[in-house]
Amino acid sequence: MDKDQLVECAKEARSLSYSPYSNFAVGAAVLAKDGSVYLGANVENSSYPVSMCAERNAIYNAMMDGKNRDDFVALAVVGDTEGPISPCGACRQVMSELLPPEAKIVMANLRGDIKEASIAELLPYAFDGSDL
Ligand code: THU
């Protein structure tokens with residue numbers, strides 16, 4: 001699967017977003033080495049901080065199917081943004097822990113803009129378990 005196809009999966013995930021408070025739907029898709037794709041969308045709550053982002057839901061969805069860090073190849077995220085959507089800080093921290101360093105993070109919007117980055121580019125000087 002190429003990155004455009006993974007972005008299409010993220011758009012499909014976006015259609016499942018529950019975002020009545022922000023009205024900002026986000027979709028994400030994680031690709032595993034065996035070709036499996038796991039979807040996630042943002043799921044909000046009236047108690048706003050309880051809401052969960054699309055990227056984390058996609059990663060957690062994959063983990064609940066038995067996948068782990070070594071299985072992941074790429075994550076795509078899409079939103080209706082001016083340029084490619086940029087993952088929030090909490091999601092960057094989770095990606096840094098649960099995706100391998102070589103994973104490709106593909107950021108996209110609905111207009112066809114796409115940008116790719118590594119986790120190290122998104123979160124330099126990350127805090128990790130070795131700091132504890
Ligand atoms: N959101 C995501 O799901 N992923 C991002 O990369 C940025 C923000 C969600 C959180 C909240 O439900 C809504 O978008 C507005 O911040």
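Read the numbers this way: they start at 1 and go in the same order the structure lists the ligands and their atoms.
Across all non-hydrogen atoms, the minimal contact from F72 to L98 is CD1-O, 3.4 Å. Counting all heavy atoms, side chain and backbone alike, V78 lies closest to R14 at O-CD, 3.9 Å.
For ligand 1, the polar-atom distance check finds an N/O of E55 within less than 3.5 Å of one of the ligand's N/O atoms. Ligand 1 has a nitrogen or oxygen under 3.5 angstrom from a nitrogen or oxygen of A54. Residue E44 places at least one N or O, backbone or side chain, under 3.5 Å from an N or O of ligand 1.
For S51, the closest heavy-atom approach to ligand 1 does not fall below 4.0 Å. Residue-ligand proximity: S86 is placed with a non-hydrogen atom under 4.0 Å from ligand 1. The closest approach between a heavy atom of C88 and any atom of ligand 1 is below 4.0 Å.
At a heavy-atom distance under 4.0 Å, atoms from both the backbone and the side chain of C53 approach ligand 1.
Looking at E116, its side chain never comes within 3.5 Å of a backbone N or O of V106 through a donor-acceptor pair. Between the D65 side chain and the K67 main chain, no donor and acceptor come within less than 3.5 Å of each other. N57 places no side-chain N or O within donor-acceptor distance of the main-chain N or O of Y60, the cut-off being under 3.5 Å.
Here the protein heavy atom with the shortest distance to atom 16 (O) of ligand 1 is F24 CD2, 4.7 Å. In terms of protein heavy atoms, atom 9 (C) of ligand 1 is closest to N42 ND2, 3.6 Å.
Counting only heavy atoms, the protein gets under 4.0 Å from atom 14 (O) of ligand 1.
Close approach of ligand 1 to S22 is summarised as follows: ligand atoms under 4.0 Å from at least one heavy atom of the residue are 13 (C), 15 (C).
L39 places a side-chain heavy atom less than 4.5 Å from the side chain of C9.
Remark: the N42 side chain and the S17 side chain contain an N/O donor-acceptor pair separated by less than 3.5 Å.
For the pair D80 and R111, the salt-bridge criterion is not met [side-chain N within less than 4.0 Å of a carboxylate O].
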